[in-house]
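Down below is the structure, laid out as structure tokens.
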Amino acid sequence: MMKRYISFPLFFKLFTAFVLIMVIPVLIISITYYYHTLSFFTEELFKTGTEKLNMVQGFVEASLNEVLNDAKQIALSDAIENLSRMPFKSSDYGKNISVISGVLNLLYNARISNKNIHSVYLYDYNNEIIYTSDMIYFNRSDFYDTAWIDEYKNKERNILFWMETREAGIPVTNENSAKSGLTGTFKVITMVYPVTYTSSFRGLLVINLKEDELTKVLNHGVLQPTGEITVISPSGNVILSTVKGLATTNISDRDYISEIISSGKVSGFVRTKAGKENYIVVYNKSDYNGWIYLNICSIQQFLTNFRVFRSIILIVSFIMTVAGIPVCYFVSRSLYNPVRNIVEKLRLQIGITGEKSNNEMDVISNALNEILKQGNQLRRLYEHNAGKLRENSLLAFIKGKTDPDTMQHLPFDEEYFSCVIITIDNFNSFNRRFPGDEGYYTKELILKLSLEIMNSYKCAGIQYEKNAIVIIANLSAKSVPSFKSGIVSLIDEIKTKAYKVYDGTFTVTVSNCHKGPENAETAFEEAKNLIKYRLIYGSDKIIVAWEINDKHNDTYYYPYSAEKHVFNFLKLGNTDELLKAVDNFFLEIRKKNLSYDNILQIINQLISGIVKYMLSERLKPAEVFSTDKTLYEHLASLETLDEIQQWIKNIFVSIIEYRTIRKSDKNKYVRMVQEYIHEHYNENISPEISPKKSVSVIPI
């Protein structure tokens with residue numbers, strides 16, 4: 001016997017549906033509003049904590065940068081250079097003592113000029129001697145604090161590094177007491193700076209910072225009573241903390257600390273609980289030296305207030321539900337009556353008699369048909385936007401995402417991947433010529449043109465950031481050699497046709513061919529990093545990875561002789577010879593075939609020399625160059641070595657012109673005084689003597 005299903009009247013279905021339609025949104029809105037409010041307040045706590053951390057991080061890193069600048073000034077000083085040339089076995093003891101005294105005074109002055117500095121050491125590799133800011137120097141074997149030497153040797157050579165907060169033995173300034181051993185310990189943060197990086201001296205400069213002084217920076221106008229700030233290393237060692245006695249301890253065994261350390265995020269927050277107290281820990285990881293800044297805030301009071309708020313939401317939701325049921329009844333009745341009349345008419349027209357069964361559901365059937373129509377419209381809209389999905393998938397792909405949902409929109413089924421990036425040179429000029437959507441469509445046209453020319457390979461491309469176009473080429477193992485040998489000619493063809501759309505220039509970089517979709521991100525990063533060689537080769541070039549690898553000399557080099565000529569002519573004010581010397585300086589850089597990093601170091605060192613010269617001449621950059629931007633900010637905006645060379649020449653011309661004008665102004669006032677004295681030297685200019693009285697002249 002067949003089971004008969006109960007058929008409810010349409011009115012009952014409508015009433016039930018309206019009740020559900022009313023109750024469910026009320027519940028959803030209440031729950032959503034509750035969690036949205038919780039999320040909002042949590043986000044506000046996170047933002048507030050992040051702002052505090054950013055301020056603290058800024059103050060700490062500013063203090064560290066100040067120390068680093070002191071280190072650079074010491075390294076560039078003449079006293080260090082004189083020490084490198086001093087023969088220790090020389091019989092000229094007077095000269096040796098003078099040189100050593102100059103170094104000790106330099107270290108002492110560096111210490112007393114910065115309240116954050118506890119002590120300064122200079123370690124001479126060749127002679128195994130350590131000079132200190134206590135005006136004493138020691139043989140390495142006799143020195144009381146050498147832990148940093150072994151630490152530095154374990155690091156990569158010729159790099160600056162910071163040692164975490166440590167307990168260091170501190171001697172008194174009396175020499176006999178110092179030689180007798182340790183007289184106390186202090187918590188210090190140690191900076192080790194290789195002097196060989198900026199000088200011919202072979203050794204290390206060590207600056208010990210007072211942990212307690214840097215801790216005061218954490219309280220510099222940012223710490224509120226609701227939180228504590230702590231700075232830790234990536235291994236969990238506490239470097240600085242407003243919590244007393246926490247420095248130098250390791251807190252990596254705390255669950256929330258290990259979660260923060262292992263997190264791949266640069267900033268964020270975690271929740272934790274200590275006893276009955278709930279806390280939110282906001283963190284920020286520094287790019288400067290890897291330190292992690294923590295702000296630990298209690299949220300107990302916030303949660304208590306929020307529970308009251310949740311109860312109010314539940315009461316309001318219940319009242320709305322009870323009040324809405326009668327409304328649902330009347331609405332259901334008003335809707336059901338017309339539907340019932342229409343159904344009765346349909347039955348009469350169709351000729352249905354007897355049991356009325358479920359014919360009232362025809363209305364619902366019509367509604368379903370309408371939904372199907374809307375579904376078809378959505379499907380067509382999806383097909384129309386397939387291109388957008390492909391672009392989003394490619395962007396995710398070059399960022400390392402290779403899941404099936406991403407790959408299904410990409411035309412890649414071969415095993416090798418190479419990345420081609422077309423970068424617009426002098427993008428500011430391009431942006432002025434093609435503002436807004438005009439620039440977007442111009443780049444889109446260049447992208448489509450590039451894909452058409454490279455259609456012999458499976459390619460997909462997108463616009464990346466503002467000034468670049470990224471194309472991923474998918475290659476079989478057999479096509480890799482032909483791709484490497486033919487890609488330059490294809491890019492030349494692309495550039496030739498692209499220049500008909502835009503008459504500017506492009507720099508194109510091509511990565512090596514990497515195996516597997518998981519290495520597509522590597523290909524992208526490689527092509528993106530190649531753009532830095534525009535500095536060496538100039539604009540409008542094609543730079544391929546396999547021609548760069550072994551081409552440049554990685555040995556550090558600096559043209560000291562050429563620099564000396566430049567500054568000699570600058571001091572003499574000989575503009576013509578100075579400009580020739582600058583050209584020779586850059587010619588020597590080009591002849592040496594140096595690496596990109598070496599060239600940047602040379603340019604930065606030359607800029608440091610210019611800054612040092614201006615300081616010695618008391619020249620203010622804002623007056624000389626009529627701008628508030630620093631030289632380093634100007635340097636960052638330049639793309640090629642030719643641009644940097646011309647910019648450096650302009651700097652020297654501006655300095656000479658400004659110096660000439662200033663000197664002319666001084667001479668002008670001197671001449672005015674001399675002329676006045678010459679014309680009025682025999683006149684009586686005393687205000688106390690009447691012009692009618694005679695004055696006796698007393699010979700001097």
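Count residues from 1 along the sequence.
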Heavy atoms of other groups near Lys532 NZ, more than 12 under 6.0 Å:
yes

For a quick test of reading the model, state the closest non-hydrogen atom pair linking Cys419 to Val470 and the distance between them.
SG-CG1, 3.8 Å

Within-4.5 Å side-chain heavy-atom neighbours: Asn289 and Leu64
yes

Step-by-step salt bridge (Lys or Arg N to Asp or Glu O under 4.0 Å) determination, Lys273 to Asp255:
CA-CA 10 Å; Lys273 193 171 184 179; Asp255 291 339; over 6 Å; no

For side-chain hydrogen bond (donor to acceptor under 3.5 Å, both in side chains), just list the numbers for Asn237 and Ser235, CA-CA rounded to whole Å, side-chain angles, deciding distance to a tenth of an Å, and then say yes or no.
CA-CA 6 Å; Asn237 290 324; Ser235 60; 3.3 Å; yes

Side chain proximity check, Ile257 to Leu294, heavy atoms < 4.5 angstrom:
yes

Taking every non-hydrogen atom, the tightest pair across Tyr152 and Pro194:
OH-CB, 3.4 Å

Side-chain donor/acceptor of Thr406 to backbone N/O of Ser393, under 3.5 Å
no

Taking every heavy atom of Leu395 against every heavy atom of Ile398, the minimum-distance pair comes out as O-CG1, 3.2 Å

Between Tyr121 and Phe143, how do the two ring planes meet: parallel, tilted or perpendicular, split at 30° and 60°?
perpendicular

Could you walk me through whether Thr215 and Glu211 pass the side-chain hydrogen bond (donor to acceptor under 3.5 Å, both in side chains) test, one step at a time?
CA-CA 6 Å; Thr215 300; Glu211 178 269 340; 3.0 Å; yes

Between atom NZ of Lys466 and atom CG of Asn428, what is the distance when rounded to the nearest 0.5 Å?
9.5 Å

Over all atoms of both residues, closest heavy-atom pair of Cys459 and Pro411
O-CG, 4.1 Å

Using a 4.5 Å cut-off on heavy atoms from C-beta on, say whether the side chain of Thr165 contacts that of Val238.
no

Apply side-chain contact (heavy atoms from CB on, under 4.5 Å) to the pair Val192 and Thr190, showing each step before the final yes or no.
CA-CA 6 Å; Val192 183; Thr190 301; 4.1 Å; yes

Can you check side-chain hydrogen bond (donor to acceptor under 3.5 Å, both in side chains) on Ser241 and Glu228, steps first, answer last?
CA-CA 8 Å; Ser241 179; Glu228 298 287 349; over 6 Å; no

With rounding to the nearest 0.5 Å, note down the distance linking OG1 in Thr509 to CD1 in Ile531.
5.5 Å

Is there side-chain contact between Ile599 and Ile536, with heavy atoms separated by less than 4.5 Å?
yes

Measure centre to centre between the rings of Phe397 and Phe524, then say whether the value is under 6.0 Å.
no

Heavy atoms from other residues, nucleotides or ligands near OH of Tyr632 exceed 12 (cutoff 6.0 Å)
yes

To the nearest 0.5 Å, how far apart are CD1 in Ile239 and CG in Leu246?
11.5 Å

Tyr283 versus Ser263, side-chain donor and acceptor atoms under 3.5 Å:
yes

Check whether any side-chain N or O of Trp291 sits under 3.5 Å from a backbone N or O of Tyr288 as a donor-acceptor pair, and report yes or no.
no

CD1/Ile424 to CD/Glu465 distance, rounded to the nearest 0.5 angstrom?
12.0 Å

Are Thr423 and Asn467 linked by a side-chain donor-acceptor pair shorter than 3.5 Å?
no

Decide side-chain hydrogen bond (donor to acceptor under 3.5 Å, both in side chains) for Glu518 and Thr402; before the verdict, give the C-alpha distance in whole Å, the side-chain angles of both, and the deciding distance to 0.1 Å.
CA-CA 7 Å; Glu518 67 275 8; Thr402 58; over 6 Å; no

Answer yes when Lys399 and Glu521 have at least one side-chain N-carboxylate O distance shorter than 4.0 Å, and no when they do not.
no

Using modelled atom types only, decide if a donor and an acceptor are shared between the side chain of Gln463 and the backbone of Tyr440 within a distance under 3.5 Å.
yes

Quick check against the 3.5 Å criterion: does Glu526 have a side-chain atom that pairs as donor or acceptor with the backbone of Asn512?
yes

Pairwise distance CD1(Ile603) to CG(Leu535) - rounded to 0.5 angstrom
7.5 Å

Considering non-hydrogen atoms only, spot the tightest contact between Ser418 and Val510 and give its length.
OG-CG1, 3.9 Å

Hey, is CG on Asp253 packed in by over 12 heavy atoms from elsewhere, all under 6.0 Å?
yes

For Thr146 and Ile149, indicate whether the former's side chain and the latter's backbone hold a donor-acceptor pair under 3.5 Å.
no

Measure up the Tyr533 and Tyr596 rings against each other and bin them: parallel (under 30°), tilted (30 to 60°), perpendicular (over 60°).
tilted

Assess the residue pair Val120 and Leu205 against the criterion (side-chain contact (heavy atoms from CB on, under 4.5 Å)); give the C-alpha distance rounded to whole Å, side-chain angles, the decisive distance to 0.1 Å, and a yes or no.
CA-CA 7 Å; Val120 184; Leu205 179 64; 3.9 Å; yes

Please lay out, stage by stage, how Leu447 and Lys443 fare under the test side-chain contact (heavy atoms from CB on, under 4.5 Å).
CA-CA 6 Å; Leu447 172 59; Lys443 289 181 284 186; over 6 Å; no

Judged by modelled atom types alone, do Asn519 and Tyr416 share a side-chain donor-acceptor pair under 3.5 Å?
no

Is there a side-chain contact between Met191 and Val206 (heavy atoms, below 4.5 Å)?
no

Does any N or O in the side chain of Lys285 come within less than 3.5 Å of the main-chain N or O of Ile260, such that one atom is a donor and the other an acceptor?
yes

Short side-chain donor-acceptor distance under 3.5 Å, Ser252 and Asn250:
yes

Distance-minimising heavy-atom pair for Ser511 and Ala523
CB-O, 3.2 Å

Show the numbers, then the answer: is there a ring-ring contact (aromatic ring centres under 6.0 Å, His included) between Phe412 and Phe417?
CA-CA 9 Å; Phe412 301 150; Phe417 294 86; 5.6 Å; yes

State, with a plain yes or no, whether a side-chain heavy atom of Ile292 is found less than 4.5 Å away from one of Ile261.
yes

Determine, for Arg111 against Asp70, whether the closest basic-nitrogen to carboxylate-oxygen distance falls under 4.0 angstrom.
no

Trp148 side chain near Arg166 side chain, heavy-atom distance below 4.5 Å
yes

When you measure from the side chain of Asn116 to the backbone of Leu209, do you find a donor-acceptor pair of N or O atoms at a distance under 3.5 Å?
no

Working to the nearest 0.5 angstrom, can you tell me the gap between Asn114 CG and Glu66 CD?
4.5 Å

Asn431 side-chain N/O to Phe427 backbone N/O, donor-acceptor pair under 3.5 Å
no

Might you work through the side-chain contact (heavy atoms from CB on, under 4.5 Å) test for Val60 and Tyr293, ending with a clear yes or no?
CA-CA 10 Å; Val60 172; Tyr293 292 76; 3.4 Å; yes

Atom CG of residue position Asp413 - does it have more than 12 heavy atoms of other residues, nucleotides or ligands inside 6.0 Å?
yes

May I ask you to say whether Asp212 pairs ionically with Lys187, meaning some side-chain N is under 4.0 Å from a carboxylate O?
no

Report yes if the side chains of Leu122 and Val195 come closer than 4.5 Å at any heavy-atom pair, otherwise no.
yes

